[in-house]
There are 2 protein chains.
Amino acid sequence: MAISNRSTGEALLFLTDEQLRQGIEAMFFAYRGFTADPDRILDKHGYGRAHHRAIHFINCVPGTTVNNLLHILGVTKQSLNRVLRSLIEDGLVEVQVGQKDRRERHLYLTETGQSLEQELSNAQRARMRSAYRDVGADAVSGFRQVLEAMMDPEMKRAYWKLRDNEGMDK
Amino acid sequence: MAISNRSTGEALLFLTDEQLRQGIEAMFFAYRGFTADPDRILDKHGYGRAHHRAIHFINCVPGTTVNNLLHILGVTKQSLNRVLRSLIEDGLVEVQVGQKDRRERHLYLTETGQSLEQELSNAQRARMRSAYRDVGADAVSGFRQVLEAMMDPEMKRAYWKLRDNEGMDK
DNA sequence: TTGGAATGTCAACAACACTGACATAAAATG
DNA sequence: CATTTTATGTCAGTGTTGTTGACATTCCAA
């Protein structure tokens, strides 16, 4: 291939340690912004980020099992269980014992749960929308490409699986 | 408003709720990948993410004060102090009383501290470099733009301040 | 039917964030 | 010089979220 010497000298400047360090710091600060709005809302209701994640993915895949959720969230079942218990007690999540396999618990948001989910995702989407609008479609495309390339292969599969699910619903 | 139908119908397709939701999930999964490698290394040494953040920014701004670090990291002094104490006890961070203002404590990484910082940032940069290389310079530019647009204004200032610091050193 | 695998629950513990109260030291201000 | 403000550190208590370990339930297959 006729890649010139200029490639390493100039075209790949975005791969310098300094550029990478800036990317790392950008991720750190941006993630703080990313979670700031939901955190405030959750705090009002006495919940934390763990509750948000559970609510988000139960809303995204209604009827998902505890085990499925476990793999998506990447925590232990005991950790998830504590969160689920409080959400169930508070009437935000409904449990249905599996019909085919009665070991499984299928999870659904109640109306109250859906209402909180809306409140949370509206806030988070508002910030995301504002950022997207500021930078334009091309930058957004690059953003998504880099994020996907940064995921662990396993997480990438989970991510695509969720995208496919939603695709079918629509 | 004279926004044409095409704007809402086609050109702004990347601003749909579904696109935004995918962006939100991409952030979630990508951040997991982003922290996975350092987390493994930290665990070996008996440290957590809080230690990593402190080490990172002390390395980035050597001689920074406790108060300065507090604002960058966005935690309470009690929380930071716990982390700093263990890093100092273990000989990774050195403290110098300020010459001009002797209330201030200036923080530096020792050789041991720099060594761990290298280990951590090498791992994190490796993943970032791999992702960057996969997608190319244009996508990286978009990635950085979106992240910056997502930050809180205060965090954006901190981010730029750090970039300027580094710019002077080089 | 019995033993193993899958699934979910309860209890206890550790890390790390928070608040609040207080102490010390030094700088700044009157 | 007395007072206030600033920077830092510490102690105690609390909450969220992660972990392990132990155990119950259910399903399936030998």
Side-chain angles (χ1 to χ4, degrees), chain A residues 28 31-32 35-36 38-58 63-90 92-107 120, chain B residues 28 31-32 35-36 38-56 58 63-90 93-108:
Chain A
F28 171 68
Y31 201 77
R32 286 254 293 278
T35 54
D39 280 353
R40 270 187 290 272
I41 295 168
L42 290 159
D43 199 54
K44 283 192 309 184
H45 296 255
Y47 295 130
R49 265 181 221 177
H51 299 86
H52 185 189
R53 292 194 284 264
I55 289 172
H56 178 101
F57 287 109
I58 293 173
T64 187
T65 62
V66 173
N67 208 26
N68 192 6
L69 209 48
L70 235 52
H71 288 112
I72 294 173
L73 297 177
V75 296
T76 58
K77 58 184 177 174
Q78 295 90 331
S79 197
L80 175 58
N81 193 257
R82 185 176 344 99
V83 170
L84 283 179
R85 206 186 316 164
S86 70
L87 291 175
I88 292 165
E89 276 173 9
D90 298 350
L92 277 75
V93 168
E94 217 172 32
V95 180
Q96 273 186 21
V97 173
Q99 295 196 336
K100 217 183 62 180
D101 186 336
R102 289 198 322 214
R103 289 173 301 183
E104 293 178 340
R105 305 297 143 94
H106 297 271
L107 304 168
L120 290 167
Chain B
F28 171 69
Y31 200 78
R32 285 255 294 280
T35 54
D39 280 353
R40 270 188 289 273
I41 295 168
L42 290 159
D43 199 55
K44 282 192 309 184
H45 296 256
Y47 294 131
R49 264 182 220 177
H51 299 85
H52 184 190
R53 292 194 284 264
I55 289 172
H56 177 102
I58 294 173
T64 187
T65 63
V66 173
N67 213 19
N68 192 5
L69 208 50
L70 236 51
H71 288 113
I72 293 174
L73 297 178
V75 296
T76 58
K77 61 179 178 177
Q78 296 91 329
S79 206
L80 176 58
N81 195 257
R82 186 179 347 100
V83 170
L84 281 181
R85 207 186 315 168
S86 69
L87 290 175
I88 292 165
E89 275 172 10
D90 298 351
V93 168
E94 216 172 32
V95 180
Q96 272 186 22
V97 173
Q99 294 196 336
K100 219 183 63 179
D101 185 336
R102 289 198 324 213
R103 289 173 304 184
E104 292 179 339
R105 304 296 144 93
H106 297 271
L107 304 168
Y108 301 88

Taking CZ from A:Arg105 and C1' from C:dT9, how many angstroms apart are they, rounded to a whole number?
9 Å
Does any donor-acceptor pair link the side chain of B:Gln78 with the base of C:dG20 at a separation under 3.5 Å?
yes
Using a 4.0 Å heavy-atom cut-off across all strands, classify A:Lys100 as base, sugar-phosphate, or nothing.
nothing
Would the distance check show the side chain of B:His51 and the main-chain N or O of B:Gly48 forming a donor-acceptor pair, the cut-off being under 3.5 Å?
yes
Within the pair B:Ser79 and C:dC18, is there a side-chain N or O less than 4.0 Å away from OP1 or OP2?
yes
Find the distance A:Asn81:CG to D:dG18:C1' and express it as a whole number of Å.
14 Å
Of the non-hydrogen atoms in A:Leu80 and A:Val66, which two are nearest, and what is the gap between them?
CD2-O, 3.8 Å
Identify the heavy atoms of A:Ile72 and B:Phe28 that sit nearest to each other, and give their distance.
O-CE2, 4.2 Å
With a 3.5 Å cut-off and heavy atoms only, can you find an N or O donor on one side and an acceptor on the other between the side chain of A:Arg82 and the base of D:dG18?
yes
Using a 4.0 Å heavy-atom cut-off, does A:Gly46 contact any base of the nucleic acid, only the sugar-phosphate backbone, or nothing at all?
sugar-phosphate
Verify the contact: side-chain N or O of B:Arg103 to OP1 or OP2 of C:dA28, cut-off strictly under 4.0 Å; return yes or no.
no
Between A:His71 (NE2) and C:dG8 (C1'), how many Å, whole number?
14 Å
Measuring from the side chain of B:Lys77 (C-beta onward, heavy atoms only), which nucleotide among C:dT19, C:dC22, D:dT19 has the closest atom?
C:dC22
Write down the distance between CG (B:Asp101) and C1' (D:dT6), rounded to a whole number of angstrom.
8 Å
Can you work out whether A:Gly48 or A:Gln99 has the more 5'-proximal nearest nucleotide on DNA chain D?
A:Gly48
Could you label the plane-to-plane angle of the A:His45 and A:Tyr47 rings as parallel, tilted or perpendicular, counting under 30° as parallel and over 60° as perpendicular?
parallel
How long is the line joining NE2 of A:His106 and C1' of D:dT26, in whole Å?
13 Å
Between A:Asn67 and C:dA6, is there a side-chain N or O to OP1/OP2 distance below 4.0 Å?
no
For residues A:Lys77 and A:Asn67, determine if any side-chain heavy atom of one lies less than 4.5 Å from a side-chain heavy atom of the other.
no
Report yes if a side-chain nitrogen or oxygen of A:Arg53 is closer than 4.0 Å to either non-bridging phosphate oxygen (OP1 or OP2) of D:dG18; otherwise report no.
yes
Side chain of A:Arg102, heavy atoms from C-beta onward: which of D:dT26, C:dC18, C:dG8 has the nearest atom to it?
D:dT26
Please report the distance, rounded to the nearest Å, between CD in A:Glu104 and P in C:dA6.
12 Å
With a 4.0 Å limit, can you tell me whether A:Thr76 has a side-chain N or O closer than that to the phosphate oxygens OP1/OP2 of D:dG18?
no
Is the distance from OP1 or OP2 of C:dA15 to the nearest side-chain N or O of B:His51 less than 4.0 Å?
no
Once you round it to whole Å, what is the distance between P of D:dT8 and CG of B:Leu69?
10 Å
Separation of atom CG in A:Leu70 from atom C1' in C:dG8, rounded to whole Å:
10 Å
side-chain contact (heavy atoms from CB on, under 4.5 Å) between A:Phe57 and A:Thr64, worked out
CA-CA 9 Å; A:Phe57 287 109; A:Thr64 187; over 6 Å; no
